[in-house]
Amino acid sequence: MNIEKIIQNHIAAALKAEFNVEENNISLQPTKKDFEGSYTFVVFPYVKALRKSPVELGNAIGNYLVANSGVVSAFNVVQGFLNLSIADSAWVDLFTGIFKDKTFGQLPDKNEVVMVEYSSPNTNKPLHLGHLRNNFLGFSVAQILSANGYKVIKTNLVNDRGIHICKSMLAYQKFGNGETPESSGLKGDHLVGKYYVEFDKRYKVEIKALEEQGLSEDDAKKQAPLLIEAQEMLLKWENNDSETIALWEKMNEWVFAGFKLTYEKMGVSFDKTYRESNTYLLGKKIVEEGLKSGVFFQKEDNSVWIDLTDEGLDQKLVLRKDGTSVYITQDLGTAELKYNDFKMSKSIYVVGNEQDYHFEVLFKIIKKIGRPYGDGTFHLSYGMVDLPSGKMKSREGTVVDADDLMQEMIDTARERTIELGKTEGFSQVEADELYDTLAMGALKYFLLKVDPKKRMLFNPEESIDFQGHTGPFIQYTHARICSILRKAHEQGMIGKTTDYPVLQESEQEVIYLLSQYPQILADAGRDLSPALISQYVYDLVKAYNRFYNEVNIFNEPDKNAQQFRVAFSGVVGETIQKAMSLLGIKVPSRM
RNA sequence: GGUUCCGUAGCUCAGUUGGAUAGAGCAACAGAUUUCUAAUCUGUGGGUCACAGGUUCGAAUCCUGUCGGGAUCACCA
């Protein structure tokens, strides 16, 4: 049984025995570093009711714990804080429990299916830094939920239809001159993205020209010939015009080939990929049903709407007057399809917070049309990645490209590793793999250590660190532990936990942190927050490094102590590896 | 303007759901390597937790207001 539980039970017993108070919710906290002790119990809340001074109360409970708990070896009372020191034997027992628990770090099966949808790229442009945050976040959340005992289905909804797709198609058709990825040497998604930017550039010129002719900005935007052509193209697409479809398919192929490479580099994967071109018709069908049942209504121009004013929102368009579907129409269809496929109890959408309103509307509509999956929907809304110059905009080309950034990271990892002279004994293949592991570790950790809800800043001028609070710092610690284990193995040590006498303070702290892992995992699952895992593994590694610097395992004369420390290091290494895998980050055994 | 998220060290971020003297990393400075990997460790300096009230034993955290910033309020996705 873990120390925390034991102490909580005994404090409850002490309150009952000494003061006749029934309290079953005892909250313990780790003791602040400046004070003696490991756990702290705050007695203030009981002072008033019991009419005792905080010191009296603290002493009474402290004495009771020392006498009865078997784990508290000493205590001190500062103001209203009862600080408890824990006997080494209790720490060792706690550690032994973890050491022997083969399922440590995997919570019991919940027998529940959860879907995590993430990535959701548009096929008119390559992925950028914002997508990296999205993909790493989605993948990590899926890992965390899985470790929490859920059956997790990872899905990707590819946005491969709509007016924006037509924009890049049109620009390519008009100005592309038959260029291909092969002829241009560009990755497919980058080639298509080039024409999306091209469209916007020319569109803006047309708007400006129209404005000079005296049109208002709004009218100019609506009447620009390029936009009208794009709209016509969308209509053709929805009417299955063969030439349009052929172009669409060709460009899609390019993009998908490009995305495949990027996903591989990112190390993310999906159980199922949906395409909006396959779901929007189902969405339209749902709208038609809803129109009959009166959930939706039609305006004079034939556009279809839903009235959400009773929910505190506005009226929302669900079908255009020309009958083509909008974003939310296809999301309705996709939601239906996903539920039919997997019957999940919870469906998590990992999408940026700029779409908070969209998902509020979507979920309300799903409830209004009485779908069984209406209660299980959740928008995991994360903050944007800003540049010092502000928000990234694909159309204007002010983005940090995902492929470029990952490559830069790999280059940096290579330079740093060679600089430090750490490539000795590595084959070229192993070295390349290491650079990749370090680069992606640094990048993923950088993006995942921040609370997902908050927006964060990325400064391209300052490269992402490999020292300090970073992925490579944690990876490095893992590599050092592996080195210890290799050496221990050579000397025939297997790691035991018997008869270990005196613990270092840093060892106590590490054991405390290890014991917290299941709770942190549960919290991260509840909050869908990889940041909690990131922070945890950093704390663990910091505490271990302190230990590493204080003691030398192989110079230790006491053989029992050696065995314990080998076992201890082994568990820390495994925990680092597990926690990092929840973030989608690999850990090397040498670096 | 409505809705909503946010404001903590020079910079990037934590702060365990109300607890002690608010913590890390980067940057700066000073140290540690005959030792299991120095991508490490130890230390110094750096704060009116945007501001003003309130709630109570106790507030960065909860409430109200003010100021400042982001997102959104599209027949874009």
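Throughout, a chain's letter reflects where its sequence line sits, starting with A, and its residues are numbered from 1.
- A:Tyr280 carries A:Arg161 over the face of its six-membered ring, with the cationic atom under 6.0 Å from the centre and within 45° of the normal.
- For the OP1/OP2 pair of B:A77 and a distance below 4.0 Å, the side-chain nitrogens and oxygens of A:Tyr327 include no atom meeting the criterion.
- Residues A:Pro452 and A:Ser483 both approach RNA chain B. Their nearest nucleotides, taken by heavy-atom distance, put A:Pro452 toward the 5′ side.
- OP1 and OP2 of B:U40 both lie 4.0 Å or more from every side-chain N or O belonging to A:Lys542.
- For the pair A:Lys487 and A:Phe554, the cation sits on the ring face: its NZ or CZ lies under 6.0 Å from the ring centre, inside 45° of the axis.
- For the pair A:His358 NE2 and B:U72 P, the computed distance is 14 Å after rounding to whole Å.
- Using a 5.5 Å limit on the distance between ring centres and a 30° limit on the angle between planes, the aromatic ring of A:Phe81 does not count as stacked on the six-membered base ring of B:G19.
- The side chain of A:Arg480 contributes an N or O atom lying less than 4.0 Å from OP1 or OP2 of B:A38.
- Distances shown here put a side-chain N or O of A:Arg320 below 4.0 Å from the OP1 or OP2 atom of B:C76.
- Applying the 5.5 angstrom centroid cut-off and the 30 degree plane-angle cut-off, the aromatic ring of A:Phe44 is not stacked upon the base of B:G58.
- Between A:Asp527 atom CG and B:G15 atom P there is a gap of 10 Å when expressed in whole angstrom units.
- Residue A:Lys32 has a polar side-chain atom (N or O) positioned under 4.0 Å from OP1 or OP2 of B:A20.
- Put simply, the side chain of A:Asp331 and the base of B:A77 share no donor and acceptor less than 3.5 Å apart.
- Where A:Asp34 and A:Phe547 meet RNA chain B, the nucleotide closest to each residue was compared, and A:Asp34 sits on the side nearer the 5' end.
- At B:C75, none of the side-chain N or O atoms of A:Lys321 fall inside 4.0 Å of OP1 or OP2 (strictly under the cut-off).
- Looking at heavy atoms from C-beta onward, A:Ser569 lies in side-chain contact with A:Phe547 at the 4.5 angstrom threshold.
- Comparing B:U72 with B:C26, their P atoms sit 35 Å apart, to the nearest whole Å.
- Taking only distance into account, the side chain of A:Lys422 meets the base of B:U37 through a donor-acceptor pair shorter than 3.5 Å.
- One N or O donor and one acceptor, one from the side chain of A:Thr40 and one from the base of B:A20, sit under 3.5 Å apart.
- In this structure, B:U17 is classed as syn because its glycosidic torsion stays within 90° of zero.
- In this structure, A:Leu313 places its CG atom 17 Å from P of B:U72, rounding to the nearest Å.
- Judged by distance alone, with hydrogens and angles left aside, A:Thr417 brings a side-chain donor or acceptor within reach of the base of B:A39, the pair sitting under 3.5 Å.
- Here the CZ-NE2 distance, from A:Phe363 to A:His358, works out to 8.0 Å after rounding to the nearest 0.5 Å.
- Ring-plane geometry between A:Tyr512 and A:Tyr39 is classed as perpendicular, the angle between the planes exceeding 60 degrees on a 0 to 90 degree scale with a lower cut at 30.
- Residue-to-nucleotide contacts include a donor-acceptor pair under 3.5 Å from the side chain of A:Asp301 to the base of B:C75.
- Looking at heavy-atom distances under 4.0 Å, A:Glu550 makes no contact with the nucleic acid at all.
- Between the side chains of A:Thr477 and A:Asn545, at least one donor N or O lies within less than 3.5 Å of an accepting N or O.
- As judged by a 4.0 angstrom heavy-atom cut-off over every strand, A:Asp356 is placed among residues making no nucleic acid contact.
- For the C1' atom pair drawn from B:A52 and B:G68, the interatomic distance equals 15 Å after rounding to whole Å.
- Separating the C1' atom of B:G46 from that of B:G53 is a span of 30 Å, rounded to the nearest Å.
- Here A:Asn159 does not reach the OP1 or OP2 of B:A77: none of its side-chain N or O atoms lies under 4.0 Å away.
- Note: CD (A:Gln467) to P (B:A27) measures 7 Å, nearest angstrom.
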